[in-house]
Participant: 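Take this structure, written in structure tokens, and hold onto it; I'll ask about it next.
Start at 1 with the first residue, then count along the sequence.
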Amino acid sequence: TMSRHGQKAVHDLVLWSAVLIACGAVVRCAPFLWGVGPHWWLHTGQIFIGLGGPVSAAVAPAFAAAWFPANERTLATSLVWMCQSLAPSLGFLAALGASGRAGLHGILLVEALSSVAALAFWAFAVPK
């Protein structure tokens, strides 16, 4: 099993990754909320998401090793990977129903809210 220090390190790494992703998702909403030029905000937000994304994509085995006994690690890793695959799939399905600027605004807003909710959950509900 992973040491207590290792568990805290994984927790903090995921927390900072979630901060970058949530900030990026919120920044991408700026053109719709404040009416500023869209390209700069959308690209900047996507850069933040790109910086935090690899950590969230690669953390499943470390997360499983830190918080689950050996006989449950495969299931824990599988559930994390399933969620990571399911979320973008739902986003693609939502995009089918979106049309025009209002549809894009709605999708970006839902992504921002879900990112902030995930960050809050990780920061306050997941033990270090």
Participant: Atom CG of Leu51 and atom CD of Gln46: how far apart are they, to the nearest 0.5 Å?
Facilitator: 10.5 Å
Participant: Treat each ILVMFWY residue as a node, draw an edge where side-chain heavy atoms are under 4.5 Å apart, and state whether Val80 and Val10 are in one component.
Facilitator: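 Yes, one cluster joins them.
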Participant: Please list, one pair per line, the donor and acceptor atoms closer than 3.5 Å that link side chains of residues 107-123 to other protein atoms, with sequence neighbours excluded.
Facilitator:
residue	atom	partner	partner atom	Å
Glu111	OE1	Arg28	NH2	2.2
Ser114	OG	Val110	O	3.1
Ser114	OG	Glu111	O	3.0
Ser115	OG	Glu111	O	2.8
Trp122	NE1	His11	O	3.1

Participant: For residues Val59 and Phe68: do they belong to one hydrophobic cluster (side chain heavy atoms under 4.5 Å, members Ile, Leu, Val, Met, Phe, Trp, Tyr)?
Facilitator: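 Per the 4.5 Å side-chain linkage, Val59 and Phe68 are co-clustered.
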Participant: What are the two closest non-hydrogen atoms of Pro54 and Gly50, and how far apart are they?
Facilitator: CD-O, 3.0 Å
Participant: For the residue pair Phe48 and Gly24, what are the closest heavy atoms and their distance?
Facilitator: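 Between these two residues, the closest heavy atoms are CB-CA, 3.6 Å.
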Participant: List for me each residue that meets ring pair (Phe, Tyr, Trp, His ring centres under 6.0 Å) alongside Phe32, sequence neighbours excluded, and say none if there are none.
Facilitator: His105
Participant: Sorted by first residue and then second, give each salt bridge (Lys or Arg N to Asp or Glu O under 4.0 Å) pair with at least one member in residues 31-47; sequence neighbours left out.
Facilitator: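 Of all non-adjacent pairs touching residues 31-47, none passes salt bridge (Lys or Arg N to Asp or Glu O under 4.0 Å).
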Participant: Grab the two heavy atoms, one from Ser17 and one from Gly52, that are nearest each other, plus how far apart they are.
Facilitator: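 Heavy-atom minimum between the residues: OG-O, 2.5 Å.
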Participant: Taking the hydrophobic residues Ile, Leu, Val, Met, Phe, Trp and Tyr, and joining any pair whose side-chain heavy atoms are under 4.5 Å apart, which ones share a cluster with Leu13?
Facilitator: Val55
Participant: For residues 10-23, pull every pair meeting salt bridge (Lys or Arg N to Asp or Glu O under 4.0 Å), keeping only residues two or more places apart or in separate chains.
Facilitator: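 Sorted result for residues 10-23: Lys8-Asp12.
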Participant: Apply the hydrophobic cluster definition, ILVMFWY joined by side-chain contacts under 4.5 Å directly or through others, and give me every member besides Leu79.
Facilitator: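 Members besides Leu79, by chain and number: Leu75, Met82.
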Participant: Should Leu42 and Ile47 be counted in the same cluster of Ile, Leu, Val, Met, Phe, Trp and Tyr side chains packed under 4.5 Å apart?
Facilitator: no
Participant: Can you list every pair that meets side-chain hydrogen bond (donor to acceptor under 3.5 Å, both in side chains) and has a residue in residues 83-98, with sequence neighbours left out?
Facilitator: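 Found none.
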Participant: What about Ile21 and Val27, same hydrophobic cluster or not, with Ile/Leu/Val/Met/Phe/Trp/Tyr joined at side-chain heavy-atom distances under 4.5 Å?
Facilitator: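 Looking at the clustering, Val27 is in a separate group from Ile21.
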